[in-house]
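Notes follow the structure.
If you're wondering where the values come from, they're calculated on a predicted model, not measured in any experiment.
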Amino acid sequence: MIHMGFSGAVAFILVRVLKVVAPVKMTFEIYATCVVPISAFFASSLWFGNTAYLHISVAFIQMLKALMPVATFVMAVICGTDKLRCDLFLNMLVVSIGVAVSSYGEIHFNIVGTVYQVTGIFAEALRLVLTQVLLQKKGLSLNPITSLYYIAPCSFLFLFVPWYLLEQPAMEVQQLQFNFWIFFSNALCALALNFSIFLVIGRTGAVTVRVAGVLKDWILIALSTVVFPESTITGLNIIGYAIALCGVVMYNYLKVKDGRAMNQLPVDAATEKTKSSIKDWKFDKKSSDVYDDNGNNGSGLNSAAHEVDEEAPLVPSSRLSHIGRTQTSNLGG
């Protein structure tokens, strides 16, 4: 909730005060049908995901996050943005088996924390799919600053409701120790994360982001065992996560391959259309060369005209007329 409030305030300053970027044309209908559902699922993913940290270890949470492609694929098929394919289905099966093995090897397995984390993953997947479905239909183009400008305040309200109903009654002001610098640095890191994703995609590409995400998960798992000694990793955890990671890498490869094929399709279609237009033009030209306007055979006339057209750029017509007048005056003299 603090992250969303801080991000919304910074985005407001960048858009309205400093005018770094211009806001998009946002109507009430677009806000109600696009921004509100996306903000609701975004807030749900944050709330469920953060609550899971109270029950399970950081390392196990990162292993469960390998289910993200599975959840995204399932939601995309349900919403109709993707088709059920055999190769992608097998990848999802490999990832699910790997996560199941990793969960079976978890020493401090907690069903409540696992349900919270999986629910947050599916909420985030649904947010991504709805962003694709709703924003593309409305024709909106949002960068990270404008996205935070519209989504962060609404997400703040959705996060405020469960905090006020569930968490605030159990909080005691006397026992609350608020450290401004800890909260500020934490919120600043969350804001920098959103901006860095946009910069990495703009400077490199989606493949680099996916590879960096896999590397980030391994680093978090390794660091969590050092910072939190209670986060014990077993051999079965590593084997299960390695299996799931193989499925995730293969899934990313297939999606990138599909993206490249889609990008090449318009170019190929335009090339074929150009070739077809040239063939039609040649056919029409040959048909017009057979007969002239009077129905006579016009091959000789067209041939002569073609020869004149080829020489015309070399000798201007005014020059030709001048040469003709000079020759006529010489003959008359």
Side-chain angles (χ1 to χ4, degrees), residues 3 41 44-76 86-128 166-167 182 185-186 189-190 193 196-197 200 206-256:
H3 288 171
F41 285 107
S44 300
S45 66
L46 291 176
W47 190 82
F48 284 112
N50 291 334
T51 307
Y53 284 96
L54 301 176
H55 303 277
I56 55 181
S57 63
V58 177
F60 186 51
I61 286 176
Q62 297 304 316
M63 295 179 187
L64 288 176
K65 285 184 178 180
L67 282 172
M68 191 63 187
V70 179
T72 306
F73 178 71
V74 171
M75 292 301 175
C86 182
D87 52 354
L88 292 180
F89 178 77
L90 291 177
N91 284 330
M92 301 302 101
L93 187 62
V94 171
V95 173
S96 301
I97 292 175
V99 173
V101 173
S102 180
S103 301
Y104 182 77
E106 176 66 17
I107 296 178
H108 306 289
F109 181 80
N110 186 287
I111 186 64
V112 177
T114 304
V115 170
Y116 273 127
Q117 182 60 38
V118 173
T119 305
I121 290 173
F122 275 89
E124 175 67 12
L126 189 55
R127 180 188 74 87
L128 295 175
L166 302 176
E167 298 179 6
I182 292 178
S185 60
N186 191 280
C189 289
L193 175 63
S196 64
I197 292 174
V200 171
V207 181
T208 305
V209 175
R210 294 174 189 272
V211 175
V214 173
L215 181 62
K216 179 204 71 174
D217 292 338
W218 280 107
I219 293 175
L220 284 175
I221 292 173
L223 287 178
S224 64
T225 58
V226 178
V227 178
F228 305 102
E230 65 275 8
S231 301
T232 306
I233 299 178
T234 64
L236 203 57
N237 281 140
I238 298 176
I239 293 175
Y241 184 68
I243 295 173
L245 189 62
C246 292
V248 172
V249 171
M250 193 61 190
Y251 172 80
N252 292 336
Y253 170 75
L254 291 176
K255 297 303 290 183
V256 170

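Closest non-hydrogen pair, S103 versus F109, comes out as O-CD1, 3.8 Å.
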Side-chain donor-acceptor distances from residues 87-102 under 3.5 Å, at least two apart:
from : atom 1 : to  : atom 2 : distance (Å)
D87  : OD1    : R85 : NE     : 3.3
D87  : OD2    : R85 : NH2    : 2.8
N91  : ND2    : D87 : O      : 3.4
S96  : OG     : M92 : O      : 2.8

Got a list of side-chain donor-acceptor pairs under 3.5 Å for residues 62-69, not counting sequence neighbours?
none

Could you pull out every donor-acceptor pair under 3.5 Å between side chains of residues 45-53 and any protein atom, sequence neighbours left out?
from : atom 1 : to   : atom 2 : distance (Å)
S45  : OG     : F41  : O      : 3.4
S45  : OG     : F42  : O      : 2.7
S45  : OG     : E124 : OE1    : 3.2
N50  : ND2    : L46  : O      : 3.1
T51  : OG1    : W47  : O      : 2.6

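Residues meeting the ring-ring contact (aromatic ring centres under 6.0 Å, His included) test with H55, sequence neighbours left out: Y116. When the side-chain contact (heavy atoms from CB on, under 4.5 Å) test is applied to T234, the partners found at least two apart in sequence or on another chain are I107, L236, N237.
Screening residues 92-102 for salt bridge (Lys or Arg N to Asp or Glu O under 4.0 Å), with sequence neighbours left out, gives no hits.
A 4.5 Å side-chain heavy-atom check between M75 and L128 finds every atom pair outside the cut-off.
A distance of 7.5 Å separates CD1 of I56 from CG of N110, quoted to the nearest 0.5 Å. We find the CG-CD1 distance between L245 and I238 to be 12.5 Å, quoted to the nearest 0.5 Å.
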